[in-house]
Amino acid sequence: MKKDIILAGVGGQGILTIATIIGTAAVEEGLNLKQAEVHGMSQRGGDVQSHLRLSDQPIFSDLVPEGKCDVILSIEPMESLRYLPYLAKDGILITNSTPFINITNYPEAEMLEKMLANVKNHIVINADEIAKGIGSARAMNIVMLGAAVKHLGLPMENFENAVKTVFGRKGEAVVESNIKALHAGRENAENNAK
Amino acid sequence: MKKLLLLGDEALAQGAIDAGMSGVFAYPGTPSTEITEYIQVNEDAIKRDIHRTWASNEKTAVEAAVGMSYAGKRTMCCMKHVGLNVAADAFMNSAFVGANGGNLIAVADDPSMHSSQNEQDSRFYAKFAMIPCLEPSSQQEAYDMAFYGLDYSERVKLPIMVRLTTRLSHSRAGVIRKEMLAENEIKLPEDPDQFMLLPSYSRAKYKKLIKLQDELIKTSEESPFNSYEAGEDKSLGIIACGLAYNYVKEVFDGGKSPYPILKICQYPLPKNMIHKIMNECDRILVVEEGQPIVEEMLKGYMPNDKIRGRLDGSFSRDGEINPNKVMAALGMANTTGEAIPENVVGRPPALCVGCPHIDSFNVLNDVLEEHGKGHVFSDIGCYTLGYLPPYNAIDTVLDMGASITMAKGAADAGLFPAVAVIGDGTFGHSGLTGLADCIYDETNVVVVILDNATTGMTGGQNYCIEGRLEDICIGLGVEKEHIRVVTPLKKNHEENVKVFREEFDYEGVSVIIPRRECIQTLAQKHRTAKVTK
């Protein structure tokens, strides 16, 4: 088993939380893991990414080589496209459709849609809307994680356990709403793929 | 023991704690900050009450670590690459006095300048000071090197550098812990002259250090971190240093290289191992993160086609190495996927919405309108982003503390107005002496100390002179009535413009302190308060 994942978004959107949850889920499965994060200057409203590598074999590089990424999982649509050079030919791009616009030259919605449609394998869902729909707007990042579960090669149960571990400190209600978000994301992605 | 998922920084920190370190001394700087932050909240560190508060700057940190080593206890100091420039005096001389208790000097380099003002390779410093340097290729090695390094430091009686780079510092992987060692007892150096650098003593110490070099090379030959991996195809040999070793292994299926690989994670270079690969192979590819220090040493000055690396264009001369760069250098097919669509635009870092610096820059811009551009000397911190649109509020950045002294030099040249914009944390790091220069010369400068009550850019650390800015300025000799504290808020704009104007008009040293807490640390406090309720 080997999964090379790139997590993408804008500083503050919660990609490191996703990384921690996938990491915890992978460790439960006894897999090796390397996860490169971005700290420092780029966090201030800039683009952020994390390379996450899972394998039952030893992992050498902390970075995913270009053209070898199995899954791009992005919380922001334009950011998902920034990592296309990394995506393998049969890899999949999974992204939130809600843009985060903090720059003046952000591409037009139509153009963005067209660019995403051009990617061979893609799932685009509106995670912000789905999260609001289940009454926990802040769990938008976990909705996106849910959308990717099928492509991460780990059982759903592991992700549920990981959510409990990671959010446990914040109380039962937070755990509940995040597990709900995880399922909502998965269901939406499945419907989207149909 | 259970595997911990740790950043490279954290692995080194955990290793130092487990190896019986009694104190860490550091100033925050990306990508080194997480080493100390990890120790600050680690249960064992708290239980043992390991020294773990921030130092004023990297120089004071290194000096304090040398003091702890003098007392016989194990210690570590941590900084980013440019921090070692600040600490260079203490660092160079620490090689002369050596170590009593083990002393690790951890320096995190930032190739590709993800969050730094320059790219420089700290291995040069280790070579310059003639001390050993450890360069981990994995999180586990970072952990193990803390044990090895502290022990080695005590055996060879020298401080040991641990050189990290951004990707390892900020990448997480499983680490297996060892049994925790007890701390050293206080024990003064056996030789009472050891920490005395009067010239006559220094001469003897320098000779001793030079003589020690052969032993250091021999230890590198036997190091568990240096290894020679045989390969069938001798047309090429690969020398892979530190993290670059992983990128080399990555490009071969299952990590099996057809070419011999010499993995170097401990310096000085293991001479015999280098000779072996040089003699065995027709060509040598040197893969190293940072500047081509090993390549240059092997290549020498005369024409030499055998050695490939950054100098002959096999790799770019600057920037980080990655697996694709290694593939290209080895002539392997490019695996790169689709290009980034051209409508995907850059998203540069920006000041946070609600950041107090924004209000300060708006005031400064208004006041400077009548004087034109080119008057604002700034510094290292979040506010450096004030150079970018829409603010375009500052004109220069050099190094920590240079805002005040550059403004002074420009004022001495006759430039008016000369304005320094520096953060409270950076002022504490190395602004005080510059301000003292201004007082001494009665220079006509306006020093704006942006006080957000934290070291913001590195994630909100405490700093040594917190809450004492006015007292310190008065102590340095700034006139009380020309220390002006304002609250940078939109509603105070006109009032603040007036204060700035008044101080621009004053011929002498003025200090203006726009004071409002960083919105990030403020939000953090609210979150913590919520959880503890």
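Order of the sequence lines sets the chain letters (A, B, ...), proteins ahead of strands, with each chain counted from 1.
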- Would you mind checking which part of Lys68(A) comes under 4.5 Å of any heavy atom in chain B, side chain (CB onward), backbone (N, CA, C, O), both or neither? side chain
- With chain A, the option among Val248(B), Leu168(B), Asn246(B) that has the most non-hydrogen atom pairs under 4.5 Å is Asn246(B)
- Query: Salt bridge check: are Arg347(B) and Glu79(A) linked by an N-O gap of less than 4.0 Å?
  - Reply: yes
- Query: What closest approach, in Å, do Cys69(A) and Ile6(A) show between heavy atoms, and which atom pair accounts for it?
  - Reply: SG-N, 3.7 Å
- Query: Any idea which of Ile59(A), Leu84(A), Ile103(A) has the most non-hydrogen atom pairs under 4.5 angstrom with chain B?
  - Reply: Leu84(A)
- Task: Look at the side chain of Asn392(B) and the backbone N and O of Tyr387(B), then say whether any donor-acceptor pair between them is shorter than 3.5 Å.
- Result: yes
- Query: salt bridge (charged side-chain N to carboxylate O under 4.0 Å, His left out) with Glu160(A): which residues, sequence neighbours excluded?
  - Reply: none
- Message: Could you check whether His51(A) and Tyr86(A) have their ring centres less than 6.0 Å apart?
- Response: yes
- Note on the structure: Honestly, the part of Asn343(B) sitting under 4.5 Å from a heavy atom of chain A is both
- Item | Residues Lys150(A), Glu190(A): salt bridge by 4.0 Å N-O rule | no
- Item | Residue, of Leu63(A), Leu33(A), Leu52(A), that accumulates the most heavy atom pairs under 4.5 Å with chain B | Leu63(A)
- Task: Please list, in residue-number order, every residue in residues 109-121 of chain A that has a heavy atom less than 4.5 Å from any heavy atom of chain B; write 'none' if there are none.
- Result: Met111(A), Met115(A)
- Task: Let me know if Glu37(A) has heavy atoms under 4.5 Å from chain B in its side chain, its backbone, both or neither.
- Result: both
- Does Glu66(A) offer a backbone N or O that forms a donor-acceptor pair with the side chain of Thr335(B) under 3.5 Å? yes
- Query: chain B: which of Thr24(A), Leu87(A), Asn105(A) shares the most heavy-atom pairs with it under 4.5 Å?
  - Reply: Asn105(A)
- Task: Would you please name every residue forming a salt bridge (charged side-chain N to carboxylate O under 4.0 Å, His left out) with Lys325(B), sequence neighbours left out?
- Result: none
- Item | Test side-chain hydrogen bond (donor to acceptor under 3.5 Å, both in side chains) applied to Asp109(B) - qualifying residues, sequence neighbours left out | Ser122(B), Arg163(B)
